[in-house]
Engineer: 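Sharing a structure here in structure tokens format.
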Amino acid sequence: MASILIKNATIVNEGKQTQADLLIKDGFIEKIDGQINIPADKEINADGLHLFPGCIDDQVHFREPGLTHKGNIASESRAAVAGGITSFMEMPNTVPNTLTQQLLQDKYDIAAKSSPANYSFFMGASNDNLDEVLRTDAKNVCGVKVFMGSSTGNMLVDNPNTLEHLFAQSPMLIATHCEDEATIKSNLEHYKQLLGDNIPVTYHPKIRSEEACYLSSSMAVELAKKHNTRLHILHISTAKETNLFSNDIPLANKRITAEACIHHLWFTDADYETKGNLIKWNPAVKTEADRDEILKAVLDGRIDVIATDHAPHTIEEKAQPYLQAPSGGPLVQHALTAMLELYHHGKITLEQIAEKMAHNVATIFQIEKRGFIREGYWADLALVNLNNPWQVNKSNILYKCGWSPFEGSTFKSKVVSTIVSGNLVYDNGSLVNEKSGQRMTFNR
């Protein structure tokens, strides 16, 4: 493994920016100092550039196995490292659903052969696989995923007894998708009676409403408090839900944490007019007031991490009428640059981006030696030019599906290089090492 010396970087880490050199050896950060003159196999001049801890995305859908016409672990993790995301946690609603230990291991085997990014995979829960869930090794698996509301796939957990047992007995963190199925069905029937089957996508946030989200999220919080479960609620999409979370204790001591996603921090319901099904997600993108309150909760520590919920579909699938078009969209390549755009607009600091997209994810999931720029930690790093404008277009999109909801947008910041587990994997627009990813492990 080649040693790498990064010279003159502005390191963004643990609440501050410092000018320093950084030496990588045998996959780890060997030394951080104002000036390092030790010979290395490769030297990177980072003068004028910012060095971030590699982003850790705690929610992606990379579509393998079974849905690989949309994406696969190799293609989507390549897009991730091009965007400065060095580690991902992938969801179980592939085909077949990841509901057994063998199916879970199959995904790890695929990633070991094909992923340039570090990886972990959630064990899936259903109404009848509690015994399999309880066999999950907490040191080697990021968590258990529970769909408390319908979404892509057939993994809805709606049996009250199952939920009670899961929350009481889970050996590790439970990550939940929270939308109330009965409310969604009622809303959908209401709008079908009004509009027939030709419902415009603008009604998506009315069908998958604030009430649907809050009913489910509040129930998850109630169950977690009852059983002292380690709960992490994914993709908060409403202002009302932000009040379920607190910022009055240190993150490492929290039993209930929350995630915001890029699309809920960027788009609003006004964007359905121009973007249509391209911004159809579950939970739905909602109002400007919701977006602003979610960002406020991110900044004040009620919401702990920023992720993507990267979920590619083909453009042909998205072009179908609203009721047939699947929910989800590709985001990993553009997540960090989108957040840096919010920095340029004065809405978030660089230090907060590093905290919410790397540090806090590592803390919440208890990831071993990742998420921080520290001596002795794995070298997972993203080198960024904050002043190199570029436009998202078909020619530079790396997702297998070939499109992005950000197409046509110009970002001021650009990821220059990405280092994963000590290997340079992305450099100046090219993937240079495609099998560097390591399986993440956890201090549990």
Side-chain angles (χ1 to χ4, degrees), residues 1-6 9-14 18 20-32 40 42 44 46 49-60 73 76-90 111-112 115-121 142 305-308 310 332-333 335-337 339-340 350-351 353-384 415-427 431-443:
M1 185 178 289
S3 58
I4 302 171
L5 178 60
I6 301 173
T10 300
I11 298 175
V12 183
N13 187 59
E14 300 190 71
T18 52
D21 295 353
L22 185 147
L23 178 65
I24 299 164
K25 191 175 180 183
D26 298 326
F28 293 90
I29 298 171
E30 174 97 351
K31 187 177 180 63
I32 304 168
K42 182 174 181 61
I44 297 173
L49 304 178
H50 286 70
L51 188 66
F52 286 81
C55 297
I56 306 171
D57 195 337
D58 75 355
Q59 187 187 184
V60 303
I73 290 169
E76 306 314 285
S77 56
R78 286 198 295 265
V81 297
I85 292 172
T86 55
S87 304
F88 65 83
M89 302 179 201
E90 207 263 354
S115 179
N118 305 312
Y119 49 88
S120 191
F121 296 90
C142 51
V305 303
I306 297 169
T308 67
H310 173 91
V332 288
Q333 188 181 347
L336 177 57
T337 46
M339 291 310 302
L340 291 170
L350 298 180
E351 294 86 347
I353 291 171
E355 177 188 20
K356 299 294 179 174
M357 299 185 79
H359 305 335
N360 284 4
V361 194
T363 299
I364 281 172
F365 286 87
Q366 300 170 281
I367 304 170
E368 285 190 322
K369 294 189 175 182
R370 299 190 191 275
F372 298 85
I373 301 177
R374 294 174 178 169
E375 292 178 358
Y377 271 53
W378 284 102
D380 296 330
L381 304 163
L383 196 59
V384 173
V415 175
V416 177
S417 303
T418 306
I419 293 169
V420 176
S421 296
N423 293 294
L424 183 66
V425 298
Y426 178 81
D427 191 39
L431 285 148
V432 294
N433 189 329
E434 298 203 11
K435 295 182 182 178
S436 296
Q438 303 281 332
R439 180 171 180 163
M440 288 187 281
T441 55
F442 305 89
N443 287 309

Engineer: Would you compute the distance between atom OG1 of Thr363 and atom CD1 of Ile56 and round it to the nearest 0.5 angstrom?
Structural biologist: 9.0 Å

Engineer: Which pairs with one or both residues in residues 371-382 pass salt bridge (charged side-chain N to carboxylate O under 4.0 Å, His left out), sequence neighbours excluded?
Structural biologist: Glu14-Arg374, Arg370-Asp380

Engineer: Could you state the interatomic distance from CE (Met357) to NE2 (His359), rounded to the nearest 0.5 Å?
Structural biologist: 12.5 Å

Engineer: Determine whether Ile85 and His310 satisfy the following criterion, side chain to side chain contact (heavy atoms under 4.5 Å, CB included), listing intermediate values before the conclusion.
Structural biologist: CA-CA 12 Å; Ile85 292 172; His310 173 91; over 6 Å; no

Engineer: Please work out whether the ring planes of Phe121 and Phe88 are parallel, tilted or perpendicular, with thresholds of 30° and 60°.
Structural biologist: perpendicular

Engineer: Quick check for you: to the nearest 0.5 Å, what is the distance between Glu355 atom CD and Asn360 atom CG?
Structural biologist: 4.5 Å

Engineer: Taking the side chain as C-beta and beyond, is there a heavy-atom pair between Leu340 and His50 under 4.5 Å?
Structural biologist: no

Engineer: Within the 4.5 Å heavy-atom criterion, are Ser421 and Trp378 side-chain neighbours or not?
Structural biologist: yes

Engineer: Can you check whether Cys142's main-chain N or O pairs, donor with acceptor, with Ser120's side chain at less than 3.5 Å?
Structural biologist: yes

Engineer: Could you measure the distance from the NZ atom of Lys25 to the CD1 atom of Ile4? Nearest 0.5 Å is fine.
Structural biologist: 13.5 Å

Engineer: Do Ile44 and Leu49 touch side chain to side chain, with heavy atoms closer than 4.5 Å?
Structural biologist: no

Engineer: Would you give the length of the straight line joining atom CZ of Arg439 to atom CG of Asn118, rounded to the nearest 0.5 angstrom?
Structural biologist: 12.5 Å

Engineer: May I ask you to test the Asn443-Lys369 pair for a side-chain heavy-atom distance under 4.5 Å?
Structural biologist: no

Engineer: Checking Thr418 side chain against Val81 main chain: does a donor-acceptor pair fall under 3.5 Å?
Structural biologist: yes

Engineer: Using a 4.5 Å cut-off on heavy atoms from C-beta on, say whether the side chain of Thr10 contacts that of Leu350.
Structural biologist: no

Engineer: Could you check if a side-chain atom of Val60 sits within less than 4.5 angstrom of a side-chain atom of Thr308, using non-hydrogen atoms only?
Structural biologist: yes

Engineer: Can you tell if the side chain of Tyr426 reaches within under 4.5 Å of the side chain of Thr86, non-hydrogen atoms only?
Structural biologist: no

Engineer: Holding to ring pair (Phe, Tyr, Trp, His ring centres under 6.0 Å), I want the full list of residues that pass it with Phe52, two or more places apart in sequence or in another chain.
Structural biologist: none

Engineer: Going by the rule side chain to side chain contact (heavy atoms under 4.5 Å, CB included), which residues pair with Ser417 if we only count those two or more places apart in sequence or in a different chain?
Structural biologist: Leu383, Leu424, Asp427

Engineer: Side chains of Ile6 and Ile419: closer than 4.5 Å at any heavy-atom pair?
Structural biologist: yes

Engineer: Can a donor-acceptor pair be found, under 3.5 Å and without considering hydrogens, that links the side chain of Asn433 to the backbone of Asn423?
Structural biologist: no

